[in-house]
Amino acid sequence: MNISEALDNARKTIIKKKKKLIWRDIFEILSEVTKLEINKIHLYSDEFLLSIDEVKKFNEMIKSYCNNVPLSYIIKRRSFFGINFYVDERVLIPRFETEILVSNVLEFINLFKNKYPNDRIKLFDICTGSGVIGLSIKKNISDIDLYLSDISVDALEVAKINSNLLSIYGLFIYQGNFIDPFLKNNLRANIITINPPYISHADKNLSNDVFLNEPRVSLFAEDDGLFFYKNLLQNYTRIVDIDKYFYIIIEFGFQQKKEIEKLCSQYIKNNSYKFIKDYSNNWRFLILTNF
Ligand SMILES: C[S@@+](CC[C@H](N)C(=O)[O-])C[C@H]1O[C@@H](n2cnc3c(N)ncnc32)[C@H](O)[C@@H]1O
């Protein structure tokens, strides 16, 4: 079977299943199967013949696609902050908005790195999942000490795959509940990044594509989705180096600012905090500092 025939079969299957036909997605899948660069596929449409195994793999992937399995899980990769990360069903698919968090941290490091003259900056990426936040930062600024943690052993396996793919070595990986590994090991950070689960168990608006495919542990949190914010705000002074500048940034859901603001005024006494928005003009990040 050549490429034209494979594409035509995929088109027919997708139309039959009444799924929206997005050619870019089909080309991504075919590129994954054939290892041809996506922009070269059309050049070879007649002469490139798929092997029997490739046809089988392509058809299986198109079937998953028709069953609404997210493209990133099918092709096992997702671009984040201009870097290709490995992803699979063990981790949340990194969201584009989370790149805002990474940009803010890079800006902070560039502005403040001379304030840590004798030390390397210590960064904890808590609830790391596939590791995209911490690893993107370390890929851009290599001379920091990076700590990744997650409760999910499966997610940490994916983070390890990504650190190897990016040739990032010498990082510290901890499995455990939220900030416990840092408390237990008496570790304190200069920067903390967190994109925790924040969906309330009672939330009825979650799309089926997310609910049915992504790991529950990466989505839902107790206390109406506020568990991790409350826990962090009650305890952050125990896991940051309070004698130096510290910077904590945490993502939250687009309807949570009001509740989180209440928690901030309840728990933050001598430090500063501010909120920032995402590209859709929704408040999505809390930044907490001591300056
Ligand atoms: C929303 S995902 C974020 C993943 C990644 N940081 C990102 O931005 O794509 C939340 C992550 O928190 C982890 N998690 C859930 N409950 C946790 C807990 N109690 N302690 C530590 N990590 C937890 C999940 O396994 C998941 O990897």
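These numbers come from the heavy atoms of this one structure, side chains and all, not from hydrogens, waters or symmetry mates. Read the numbers this way: they start at 1 and go in the same order the structure lists the ligands and their atoms.
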Novice: Out of I199, T193, I151, who is nearest to atom 23 (C) of ligand 1 when you count heavy atoms only?
Specialist: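 Closest candidate by heavy-atom distance is I151.
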
Novice: May I ask you to check whether D125 has an N/O atom sitting below 3.5 Å from an N/O atom of ligand 1?
Specialist: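 No - when backbone and side-chain N and O of D125 are compared with those of ligand 1, no distance drops under 3.5 Å.
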
Novice: Between T98 and E251, is there a side-chain donor-acceptor contact under 3.5 Å, judged purely by atom types and distance?
Specialist: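 There is such a pair (donor and acceptor under 3.5 Å, judged by atom type) between the side chains of E251 and T98.
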
Novice: Using a distance-only test with no angle check, is there a side-chain donor-acceptor pair under 3.5 angstrom linking D25 and Y65?
Specialist: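 The criterion, which ignores hydrogens and geometry beyond distance, is satisfied for Y65 and D25.
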
Novice: Under 3.5 Å, is there a donor on one side chain and an acceptor on the other for N2 and S45?
Specialist: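 No, S45 and N2 have no side-chain donor paired with an acceptor closer than 3.5 Å.
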
Novice: Should the pair D145-R120 be classified as a salt bridge under the 4.0 Å nitrogen-to-oxygen rule?
Specialist: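 Salt bridge flag = yes for R120 with D145.
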
Novice: Could you tell me if Q234 and Y267 have a donor-acceptor pair between their side chains, going purely by distance under 3.5 Å?
Specialist: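 Yes.
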
Novice: Between K56 and D53, is there a side-chain N and carboxylate O pair less than 4.0 Å apart?
Specialist: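 Answer for the salt bridge query: no.
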
Novice: Please confirm whether T98 comes within less than 3.5 Å of ligand 1 when only nitrogen or oxygen atoms on both sides are compared.
Specialist: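 No; every N/O pair is 3.5 Å or more apart.
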
Novice: With a cut-off of 4.0 Å, which atoms of ligand 1 are near a heavy atom of V132?
Specialist: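 Near V132, meaning under 4.0 Å from one of its heavy atoms, ligand 1 has 7 (C), 9 (O).
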
Novice: Would you mind running through ligand 1 and noting each atom that sits below 4.0 Å from a heavy atom of G176?
Specialist: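 Selected atoms, number and element: 20 (N), 21 (C).
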
Novice: Short N/O distance, under 3.5 Å, between F178 and ligand 1?
Specialist: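 F178 vs ligand 1: N/O contact under 3.5 Å present.
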
Novice: For ligand 1, which atoms, with element, lie under 4.0 Å from some heavy atom of S152?
Specialist: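 Result: 25 (O).
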
Novice: What part of F228 sits under 4.0 Å from ligand 1 if we count only heavy atoms: the side chain, the backbone, both or neither?
Specialist: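 Side chain only; the backbone of F228 stays clear of ligand 1.
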
Novice: Looking at N186 and F182, would you say the former's side chain and the latter's main chain have a donor-acceptor pair under 3.5 Å?
Specialist: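 No; zero donor-acceptor contacts below 3.5 Å.
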
Novice: May I ask you to decide if the ring planes of F108 and Y116 are parallel, tilted or perpendicular, using 30° and 60° as cut-offs?
Specialist: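 Judged by the thresholds at 30° and 60°, the geometry between F108 and Y116 is perpendicular.
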
Novice: When you compare the side chains of S200 and D203, does any donor N or O come within less than 3.5 Å of an acceptor on the partner?
Specialist: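 Result is no, nothing qualifies.
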
Novice: Please report which non-hydrogen protein atom sits nearest to atom 6 (N) of ligand 1, along with the residue it belongs to and the distance in Å to one decimal place.
Specialist: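 Heavy-atom neighbour on the protein nearest atom 6 (N) of ligand 1: C127 O, 2.9 Å.
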
Novice: Provide, to 0.1 Å, the distance between atom 1 (C) of ligand 1 and the closest protein heavy atom, together with that atom's residue and name.
Specialist: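 Checked against all protein heavy atoms, atom 1 (C) of ligand 1 sits closest to S218 O, 3.1 Å.
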
Novice: So is S130 in contact with ligand 1, going by heavy-atom distances below 4.0 Å?
Specialist: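 Contact absent.
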
Novice: Can an N or O of D150 be found at a distance shorter than 3.5 Å from an N or O of ligand 1?
Specialist: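 Between D150 and ligand 1 (N or O atoms, distance only) the closest approach is under 3.5 Å.
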
Novice: Who's closest to atom 19 (N) of ligand 1 heavy-atom-wise, of L101, L148, N177, D180?
Specialist: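 That would be N177.
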
Novice: I want to confirm something. Looking only at heavy atoms, which of L92, N195, N231 is nearest to atom 10 (C) of ligand 1?
Specialist: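 Of the listed residues, N195 has the closest heavy atom.
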
